Amino acid sequence: MDISAYPFNLEVTLCCGQVFKWNKKGDWWYGVVGDRVSKLRQAGEILEFHNIEEDSVKNYFSLDHDLTRIGAEIGRDDYIRAALQDFWGLRLVRQQPWECLISFICATYKSVAAIRQMLHKLSMMFGQKIVFEGEDFYAFPTPEKLADARLQDLKSCGLGYRSPYVSKTAKKIFAGECDIEALGKLPYDQAKKELCQYPGVGAKVADCVLLFSLGKLDAFPVDVRVKRTILRYYSEHFPESFVKKLAREDSLSSSEYERICRFARDYFGKYAGYAQEYLYHYERMKYYGIAAKVSTRLNRKIEKG
DNA sequence: TACTGGCCTAGGTA
DNA sequence: ATACCTAGGCCAG
């Protein structure tokens, strides 16, 4: 497919931490979309894909979002414009709400690498096996499977204290008490409130689900990294006392969370969620960029003796 | 109403 | 190697 009409970067989109189940082999990215294993690769303005329909590709990678306009809208200052420039083509992925909800309940207080491991184990243990090109892949578990899962087995996937949250939320969803997909039709505040009724879901997880699976492009999840970014580059928008207090501690109280969230949604506007993704990824890559350089330097030292 | 600790675990780093 | 540190927070008190 010729995607010259859409600015898009497959690699950045799949690596920016919004989605955890894609793996690269050679040039190709493999992942389960729905109940099929798909593979894609990008070479400039050509996107190749197998075992997935063109319409699904467009939908999954939000190619309908007018990224140029979004960039113009959120590009309010030099800092975010630098992030936009470095990672241009990053798009939000349209995830299934159920999978997204469980994924981000699991994601609390975990690194991206650890989250990927957890979700992989969870899928291996409770998901449908799909063989593709001679290799085993696993669909994300259904609500029924996770509702029936023993806590002990959830823990064996590395979920730790998140196990009862996943179990209870799965039971609630399986019982059909609430239709998460329908929450997308509610206004942001109301949908967020509803999501927070699920065990293991607070403001941060709710914002992730709203942004990554319910089409609320103005949701702005605030994690530690985004918090640090805001404190460092947007501190002039807050009182000095607030900035100093937040700099001392690593966690956020709910009122502090809401304050940062409200600022960002107001400042970046209706596509604040895209701003969050670019800022988050920019910060993460800077961090790992430095870490990579340091370890390279160390390795050289070791090689030299 | 708002804040404070406690919490499972494992990947990454020194 | 091996001990630490930290990770896209939530919840009870």
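In this text the structure is predicted, and so the values were computed from the model without any measurement. Here is how names work: the chains are called A, B, and so on, in the same order as the sequence lines, proteins then strands, and each is numbered from 1. No hydrogens, no waters, no symmetry mates; every other heavy atom, side chains included, goes into these values.
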Quick one: do R94(A) and D64(A) make a salt bridge, cutoff under 4.0 Å?
-> yes
Please tell me which of C16(A) and P199(A) maps to the more 5' nucleotide of DNA chain C, matching each residue to the nucleotide holding its nearest heavy atom.
-> C16(A)
Round to a whole Å and report the spacing from OH of Y109(A) to P of dG8(C).
-> 11 Å
When rounded to whole Å, the CG to P distance for the pair D207(A) and dG8(C) reads 17 Å
Check every strand shown and say whether Q276(A) touches a base, only sugar-phosphate, or nothing at a heavy-atom separation below 4.0 Å.
-> base
Sugar-phosphate, base or nothing in reach of F104(A), heavy atoms under 4.0 Å | nothing
dA2(B) versus dC10(C) - spacing of their C1' atoms, nearest Å = 15 Å
Looking at every strand, decide which applies to Q18(A) at a 4.0 Å heavy-atom threshold: base, sugar-phosphate, or nothing.
-> base
Under 4.5 Å between any side-chain heavy atoms of F137(A) and K21(A), yes or no?
-> no
Cationic tip of K25(A) within the cone over Y30(A)'s six-membered ring, i.e. under 6.0 Å and within 45° of the normal?
-> yes
Could you check how far CZ of R162(A) sits from P of dT9(B), rounded to whole Å?
-> 9 Å
Quick one: do the Y233(A) and D77(A) side chains pair a donor with an acceptor below 3.5 Å?
-> no
Dot-bracket for DNA chain C: what is it, with Watson-Crick or G-U pairs under 3.5 Å, [ ] where a pair crosses earlier ones, and | for a pair to another strand?
-> .||||||.|||||
In whole angstrom, give the distance that lies between atom OH of Y161(A) and atom P of dC7(B).
-> 12 Å
Whole angstrom value for the distance that separates P of dT4(B) from CG of L246(A) | 11 Å
Mind calculating the distance between NZ (K155(A)) and P (dC8(B)) to the nearest angstrom?
-> 7 Å
Quick one: label F220(A) by what it contacts on the DNA or RNA (base, sugar-phosphate, nothing), any heavy atom closer than 4.0 Å.
-> nothing
Can you figure out which of dT9(B), dC10(C), dA7(C) approaches the side chain of K110(A) most closely?
-> dT9(B)
Scan V226(A) against the nucleic acid and name what it touches under 4.0 Å (heavy atoms): base, sugar-phosphate only, or nothing.
-> nothing
What's the CD1-C1' distance between I230(A) and dG8(C), to the nearest Å?
-> 14 Å
dA10(B) versus dC11(C) - spacing of their C1' atoms, nearest Å = 23 Å
Across the strands shown, which category fits R116(A) at heavy-atom distances under 4.0 angstrom: base, sugar-phosphate, nothing?
-> nothing
Within the structure shown, what part of the strands sits under 4.0 Å from E277(A) by heavy-atom distance: base, sugar-phosphate, or nothing?
-> base
Could you tell me whether G17(A) contacts a base, only the sugar-phosphate backbone, or nothing, with contacts defined as non-hydrogen atoms closer than 4.0 Å?
-> base
Report the residue from K227(A), R248(A), K245(A), K204(A) that forms a salt bridge (Lys or Arg N to Asp or Glu O under 4.0 Å) with E256(A).
-> K245(A)
Is the phosphate of dA2(B), meaning OP1 or OP2, less than 4.0 Å from a side-chain N or O of S253(A)?
-> no
Salt-bridged, K192(A) to E258(A), with N to O below 4.0 Å?
-> yes
Comparing L159(A) with K245(A), nearest DNA chain B nucleotide closer to 5' gives the residue K245(A)
Does the ring center of F104(A) lie less than 6.0 Å from the ring center of F20(A)?
-> yes
Sub-4.0 Å heavy-atom contacts from residues 82-101 of chain A onto DNA chain B, ordered by number | none
Which part of the nucleic acid, if any, lies within reach of C196(A) when heavy atoms closer than 4.0 Å are counted: base, sugar-phosphate only, or nothing?
-> nothing
Is there a side-chain contact (heavy atoms from CB on, under 4.5 Å) between C15(A) and W29(A) once you walk through the steps?
-> CA-CA 11 Å; C15(A) 290; W29(A) 283 97; 3.6 Å; yes
Sole residue of R265(A), R262(A), K270(A) in salt bridge (Lys or Arg N to Asp or Glu O under 4.0 Å) with D218(A) = R265(A)
Just how far, in rounded Å, is P of dA2(B) from CZ of R259(A)?
-> 12 Å
Thinking salt bridges, do R81(A) and D78(A) make one under a 4.0 Å N-O criterion?
-> yes
Just to confirm, is there a sub-4.0 Å distance from OP1 or OP2 of dC3(B) to any side-chain nitrogen or oxygen of S255(A)?
-> yes
Which nucleotide in the list dG8(C), dA7(C), dC10(C) gets nearest to the side chain of V205(A)?
-> dC10(C)
Between H65(A) and Y274(A), do the side chains contain an N or O donor and an N or O acceptor separated by less than 3.5 Å?
-> yes
Pairwise P distance, dG8(C) and dG6(B) [rounded to whole Å] | 23 Å
